[in-house]
Amino acid sequence: MNDTLQDRFDDVRRRIGEACARAGRKPETVRLVAVSKTFGPDAVKEAAECGQVLFGESKVQEAKPKISMCPGHLEWHMVGHLQRNKVRDVTRLFRMIHSVDSLRLLETISASCQETGSSMPVCLEVNVSGERSKFGMLPEDVPATLEKAATLMGVDIVGVMTIPPFAEDPAESRPFFKRLRELRDEWHNASGIELRELSMGMSNDFEVAIEEGATLIRLGTVLFGERKAALKPVDAEPIIES
Ligand SMILES: *Cc1c(COP(=O)(O)O)cnc(C)c1O
C-alpha cells in the first residue's frame, strides 16, 4: 500500500460516516476497534498518532508484551478466543472482552475480577450461523447464561458479538448481523439486561454491519494491511521514547 496509515483511517472514517448516514445513525454510535494482532508496537504507536485510542488483540501471549511497549493511554479490548488459564492476565490488561463463549469462562472472569475488586464489561460471542468450526455459544444457550450471569459479581454483560462465515460478498453477512440484532432484542426483552453493544463487522463487511446496528466494529486488514504470520513476542521491538 502506498497510502499512509492516516489516509486509511480517514478513508475508514468516511465509510463509517456514509454507512451511518444510510442507516440514519449518528457516527458517534459506532466505535472503531483497531485490531493490531500480528503488528508490533510501532504500528500501534503510529495508529495512536492518528488519534486512535481503542485497539483489539486476539491472543494474550502476543498482547501482553506488546501492550507494555505501547503508549499508556490506549484502551485494549480482547476480541479472540480465550482460554480460562489466561483470564487473570486478560482481566488485568484489557478493558473489555468481546469473545466470552461459555458460562465457565464467565465464572472464571468473575472470580478474577473479584480478586482485584474490578468489574469487566463483556460481550457473549454467539455462533449465529451454527457453523461447526466457529467459536461462540449457540443462540439457544444464551438465555440460561444471561440468567446465571445476573448473579455473578465482577462481570457485566454489555452486549453480544458474532463472526459470520467468511464470504467475499459482504451482502452474504447481512442475514447473520440482522439475526444477531433480532436475538439481542429478544434477549433484552426477556432478561431486562440492556445488551447495548453489538460487536460485529470486520474489514470485509463493516458497512453492512453498521447498517444492521453494529456499535463496535473490529477492523484489522483495512487499516494495517495484510497480516503475515503471527508476531512472536521476541519480534516485538520496544518503543524508544526520545
Ligand atoms: C483478526 C480479527 C478481526 C479483524 O479482521 P480483519 O478482517 O483483518 O478486519 C476482527 N475480529 C476478530 C475476532 C479477529 O480475530
Side-chain angles (χ1 to χ4, degrees), residues 1-37 39 43-44 46-58 74-80 95-96 98-99 121 123-129 131 134 136 158-188 194-227:
M1 284 190 271
N2 308 318
D3 50 355
T4 66
L5 186 57
Q6 182 69 62
D7 293 336
R8 297 196 288 273
F9 270 106
D10 291 346
D11 193 51
V12 163
R13 290 273 168 219
R14 179 184 56 72
R15 290 170 63 187
I16 292 171
E18 288 171 3
C20 283
R22 286 195 294 278
R25 302 181 57 195
K26 294 200 176 100
E28 315 83 87
T29 62
V30 179
R31 282 196 293 161
L32 164 60
V33 183
V35 179
S36 48
K37 67 183 184 206
F39 293 92
V44 173
E46 196 187 343
E49 283 160 6
C50 298
Q52 182 67 23
V53 175
L54 179 52
F55 291 84
E57 286 285 330
S58 64
L74 304 181
E75 176 177 339
W76 294 89
H77 287 190
M78 169 50 66
V79 300
R95 195 83 75 76
M96 181 165 161
H98 291 224
S99 43
C123 288
L124 296 182
E125 180 173 353
V126 182
N127 180 350
V128 179
S129 70
E131 257 190 325
K134 279 267 157 30
V158 296
V160 285
M161 179 269 230
T162 200
I163 305 175
F166 178 79
E168 286 292 338
D169 179 359
E172 288 180 34
S173 299
R174 189 183 298 275
F176 300 106
F177 296 149
K178 182 166 185 283
R179 184 71 189 128
L180 186 67
R181 174 169 43 89
E182 292 166 351
L183 286 166
R184 185 276 305 271
D185 293 347
E186 279 173 32
W187 295 328
H188 161 71
E194 190 186 355
L195 304 176
R196 64 180 177 276
E197 304 288 2
L198 280 173
S199 171
M200 55 190 201
M202 315 201 314
S203 290
N204 194 44
D205 54 18
F206 69 94
E207 288 148 303
V208 171
I210 290 170
E211 289 168 17
E212 296 300 333
T215 61
L216 288 161
I217 55 173
R218 311 177 310 270
L219 306 186
T221 312
V222 75
L223 295 170
F224 296 109
E226 292 292 335
R227 287 181 288 275

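Just so you know, residue 1 is the first one in the sequence shown, and it goes up from there.
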Legend entry - 4.5 Å side-chain heavy-atom contact, Val35 and Met202: no
Legend entry - Side-chain heavy atoms of Pro164 within contact of Met200, under 4.5 Å: no
Inset, instruction - Would you please name every residue forming a side-chain contact (heavy atoms from CB on, under 4.5 Å) with Gln52, sequence neighbours left out? - result: Phe9, Arg13, Leu32, Ala34, Ala47, Leu54, Phe55
Inset, instruction - Decide yes or no for Val158 and Glu194: does some side-chain heavy atom of the first lie under 4.5 Å from some side-chain heavy atom of the second? - result: no
Inset, instruction - Output the distance between atom CG (Leu198) and atom CG (Leu216), rounded to the nearest 0.5 Å. - result: 8.5 Å
Legend entry - Set of residues satisfying salt bridge (Lys or Arg N to Asp or Glu O under 4.0 Å) with respect to Glu49, sequence neighbours excluded: none
Inset, instruction - Assess whether atom CZ of Arg95 is packed by more than 12 heavy atoms of other residues, nucleotides or ligands within 6.0 Å. - result: no
Legend entry - Spatial distance of atom CZ (Arg31) from atom OG (Ser199) [nearest 0.5 Å]: 10.0 Å
Legend entry - Reported CG-to-CZ distance for the pair Asp10 and Arg14, which is rounded to 0.5 angstrom: 9.5 Å
Inset, instruction - Report yes if the side chains of Arg8 and Val12 come closer than 4.5 Å at any heavy-atom pair, otherwise no. - result: no
Inset, instruction - Measure from the side-chain N and O atoms of Arg184 to the backbone N and O of Val160, and report whether any donor-acceptor pair falls under 3.5 Å. - result: no
Inset, instruction - Verify whether one side chain among Ser36 and Glu57 offers a donor that lies under 3.5 Å from an acceptor in the other. - result: yes
Inset, instruction - With rounding to the nearest 0.5 Å, note down the distance linking CZ in Phe224 to NZ in Lys37. - result: 11.5 Å
Legend entry - Under the side chain to side chain donor-acceptor pair (under 3.5 Å) test, residues paired with Glu186 that sit two or more places apart: none
Legend entry - From CA spacing to verdict: side-chain contact (heavy atoms from CB on, under 4.5 Å), Val128, Phe177: CA-CA 9 Å; Val128 179; Phe177 296 149; over 6 Å; no
Legend entry - Heavy-atom pair with the smallest gap, counting every atom of Ser173 and Asp205: OG-OD2, 3.0 Å
Legend entry - Pairwise side-chain contact, Phe39 with Arg227, heavy-atom cut-off 4.5 Å (strictly under): yes
Inset, instruction - Would you check if Leu124 and Trp187 make a side-chain contact, meaning some heavy-atom pair closer than 4.5 Å? - result: no
Inset, instruction - Kindly compute the distance separating CD (Glu125) from CE (Met161), expressed to the nearest 0.5 Å. - result: 4.0 Å
Inset, instruction - Decide yes or no for Ile210 and Cys20: does some side-chain heavy atom of the first lie under 4.5 Å from some side-chain heavy atom of the second? - result: yes
Inset, instruction - Might you point out which heavy atoms bring Ala209 and Gly201 nearest each other, and give the distance in Å? - result: CB-CA, 3.5 Å
Legend entry - Sequence-distant partners of Asp7, side-chain contact (heavy atoms from CB on, under 4.5 Å), two or more places apart: Asp3, Thr4
Legend entry - Residues which pass side-chain contact (heavy atoms from CB on, under 4.5 Å) with Glu182, listed by chain and number, not counting sequence neighbours: Lys178, Arg179
Legend entry - Within-4.5 Å side-chain heavy-atom neighbours: Arg218 and His77: no
Legend entry - Partner residues of Arg174 under the salt bridge (Lys or Arg N to Asp or Glu O under 4.0 Å) criterion, sequence neighbours left out: Glu211, Glu212
Legend entry - Modelled atom types, side-chain donor and acceptor of Thr215 and Glu197, under 3.5 Å: yes
Legend entry - Separation between CD1 of Ile217 and OG of Ser203, rounded to the nearest 0.5 Å: 9.0 Å
Inset, instruction - For Glu168 and Pro170, work out which heavy atoms get closest and say how close. - result: O-CD, 3.3 Å
